[in-house]
Every structure is written in structure tokens, then in C-alpha cells.
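Order of listing sets the numbers, starting from 1, for every ligand and every atom in it.
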Amino acid sequence: MTTAPVLCGLGTWLPPRAVSNEDLTTELDTSDEWIRSRTGIGVRHIADPGTATSDLAVEAGRRALKSAGVEKVDAVVLATTTPDQPCPATAPLVAAQLGLGQVPAFDVGAVCTGFLYATTAASGLIALGSARTVLVIGSDVYSRILDPTDRSTRVIFGDGAGAVVLRAGEPDEPGALGRAQLGSDGTGADLVSIRSGGSREPLRAENAAEADPYFRMNGKSVFRNAVERMADTSRAVAQEAGWAVDDIDHLVAHQANLRILRAVADRLKLPHERCPVHLDRVGNTAAASLPLALADAVESGRLRPGDRTVLTAFGGGLTWGACALRWPEIHPY
Ligand code: COA
């Protein structure tokens with residue numbers, strides 16, 4: 001019998017401080033009307049100074065372990081663009097703080113597609129027999145990398161973390177992940193980027209005046225690419241699962257922008273109601289976006305056991321991906 005990765009636990013964590021669109025108007029030349037009509041976002045959560053990606057990841061991880069009813073896992077994979085520090089990776093620290101012992105633990109960097117990439121890496125560990133259970137976490141504190149004066153990015157992103165537990169199981173059981181479709185196109189690397197602070201342009205006192213340590217995004221190009229890639233990979237994984245596109249009960253897409261979610265649904269000719277919306281209350285939480293949206297869909301009673309579910313994401317890199325599963329019986333914390 002083939003081994004399949006099976007989703008068996010889901011946990012999330014948002015930093016408590018909620019920042020409304022109104023709150024942002026005190027610092028930026030923007031308005032609630034502009035933000036809502038262009039993005040669909042109303043509120044985002046922002047980590048307090050001193051709270052790092054690992055802090056959010058540990059909370060979400062603890063909750064996912066509780067949801068799965070386990071205390072130990074065989075590996076930890078953490079998706080993030082905002083590690084606690086450039087070196088070492090954040091995952092080993094998270095594993096240690098969760099009391100998981102000396103398990104393999106590593107970070108995955110695929111920007112907003114990170115959670116799907118991390119899930120696929122974890123699935124590979126299970127398929128190889130290297131692990132029977134893996135904790136996969138998406139955690140990001142984008143508020144730390146945004147230019148405080150840049151209204152085009154500050155209004156979009158929020159901080160948060162979400163995690164799932166995968167276990168070795170069988171391909172036909174609820175929660176079994178189908179083969180993911182992942183892709184990248186590095187010719188678009190400059191569309192979403194932080195120019196300074198890496199090996200090409202290290203941050204040094206002598207170049208501080210010309211350096212740009214902040215996250216920059218070409219919103220329009222990202223928008224078009226995101227719609228096409230998420231729609232195309234979603235169609236592909238549905239087909240591989242043996243479903244017609246219209247059979248998809250929930251297309252849970254990376255929560256970048258309400259107009260993107262609507263455009264993906266339109267491209268697939270799916271009713272908008274089948275694309276759950278969570279970004280109105282959290283903004284774009286990057287690697288945390290998919291597990292946060294899943295938990296919200298379960299808690300609101302929309303996503304139910306047995307439902308045909310497709311997860312899809314798009315992010316800097318450029319990167320994108322999708323994967324299909326029948327939703328399992330789990331209680332998120
Ligand atoms: N408040 C008010 N005005 C704003 C603003 C804000 N927060 N941000 C930008 N604007 C202004 C711009 O300066 C521009 O003004 P101008 O016409 O005088 O130059 C105008 O609004 C239109 O800007 P534009 O960038 O064309 O808007 P848009 O409709 O493309 O929306 C995004 C901008 C960023 C919301 C949109 O492109 C988007 O969501 N893209 C995808 C981004 C994304 O999801 N990235 C993550 C992928 S992982």
C-alpha cells in the first residue's frame with residue numbers, strides 16, 4: 001500500500017493587536033474606502049515590538065499538536081520570509097521551544113507560497129519513510145519588513161501563523177494530500193523583493209544611505225500572474241484528483257486580495273461563495289495565509305468533513321502551487 005501524507009491537525013495564532021484601516025489613516029495618506037475597495041481588507045493583526053516569527057510559530061504549532069492529539073512529531077518544517085534572524089534557520093528554535101527534542105527542523109523560503117512548499121517537503125519526508133508525523137508551520141511578521149511610509153504595502157500585510165500536522169496514512173482516506181503542483185519563475189524575481197541585506201548587497205554602515213532593506217512589490221504584475229497561476233494549478237490538481245472543476249466545494253486560495261480571489265473563481269467559472277474569504281479580518285499573512293483561512297472556514301461551519309478542497313497560493317520568487325484533498329474530521333485550535 002502506498003503511503004500518503006494525511007492532514008490530522010490544524011492550529012493558528014494571531015498577535016492580539018488589531019489595526020483597522022481607520023488606524024492606518026493616522027499615519028498614511030489612505031482611506032478605509034480605498035483599502036476596502038481595492039483589496040477587501042478591513043483589519044490586520046500586528047505583532048508588538050519584540051515578538052518574532054518563532055513566537056507566533058510556537059503558539060500555532062502548539063495548537064496544531066493539540067488538534068492532532070499528539071505531543072511529539074518526527075520533523076518540523078517552517079515556511080517564512082521573516083526568520084527571526086538571517087542565521088540560523090528559525091525551525092530548530094521552534095522545535096526546541098515546543099519540546100520536540102532533536103528532530104530534523106528546517107525553514108522553507110517560498111514567500112507567500114511557502115506553506116504549500118513546506119507541506120510538499122513534509123510529504124516527501126513521509127513518502128521516504130524519514131518521518132511518520134511532521135509539523136508544518138507558516139509564520140510571518142511582515143510588519144517588520146514593510147517600509148513604514150509605503151502605503152501600497154503597509155495596508156495589505158498582516159502578521160500571523162498557522163500550522164498543520166501531517167501523518168503517514170493511506171491515499172484514499174479523508175485528509176490525504178494529493179500530489180502538489182508547484183512552480184517557479186525566477187525571471188520575475190524583482191516583482192516581489194527586498195533588495196538589500198543579502199549576499200548581493202549586504203547591509204553595511206557605509207552603504208546605509210543607498211540601501212533599501214524593505215519589502216517592495218509591483219502590485220499590478222503580481223496581480224495578473226497570481227490569478228493565472230492559481231487558477232491553472234488548481235485546475236490541474238482537481239483533474240489529477242479525478243474531479244471536474246465544478247466538483248470543487250472549496251477553493252481555499254492564498255488571501256492576497258479580494259479582487260484576486262474573485263478573479264481566480266471567475267477564471268475557473270466557480271461561484272465566488274466557493275472561495276472562502278478571510279483576508280477582510282487579517283490581511284495578507286504570507287506563509288500563514290492558507291492555514292489561517294482553512295481554520296476560519298472550518299470554524300464558520302463552511303468547510304466540512306468530506307468536502308472536496310483545493311489549496312492554492314502564489315508569491316514572490318515568483319512561486320506558485322496547488323494541492324487537493326478531501327477535508328478530514330479535525331477540530332482546529
Ligand atoms: N491608499 C490610497 N491610495 C493608494 C494606496 C493606498 N493604500 N496604495 C496605492 N495607492 C494609489 C497609488 O499611488 C496610485 O495612485 P496614482 O494613480 O496617483 O499613481 C493608485 O492608488 C492606484 O495604484 P495601483 O497600484 O494602480 O492600484 P491597484 O488597483 O493595482 O491596487 C494593489 C494596488 C497593491 C492593492 C494591487 O495591485 C494588488 O493587490 N496586487 C497584488 C498584490 C499582492 O497580493 N501581493 C502579494 C502576492 S503574494
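From Arg229, atom CZ reaches atom NE2 of His254 across 15.5 Å, with rounding to the nearest 0.5 Å. In this structure, CG in Leu251 is found 8.5 Å from CG in Leu261, a value given to the nearest 0.5 Å. To the nearest 0.5 Å, atoms CD1 (Ile248) and CZ (Arg235) are separated by 9.0 Å. Taking CD1 of Ile194 as the start and CG of Asp212 as the end, the distance is 9.0 Å to the nearest 0.5 Å.
In summary, Asp48 and Arg17 engage in a salt bridge, as defined by a charged side-chain N under 4.0 Å from a carboxylate O.
Taking a heavy-atom cut-off of under 4.0 Å, ligand 1 is surrounded by Asp29, Thr30, Trp34, Arg38, Thr39, Cys112, Arg151, Ser152, Val155, Ile156, Met217, Gly219, Lys220, Val222, Phe223, His254, Ala256, Asn257, Arg259, Ile260, Asn284, Phe314, Gly315.
No hydrogens or angles considered: a donor-acceptor pair under 3.5 Å links the side chains of Arg262 and His272.
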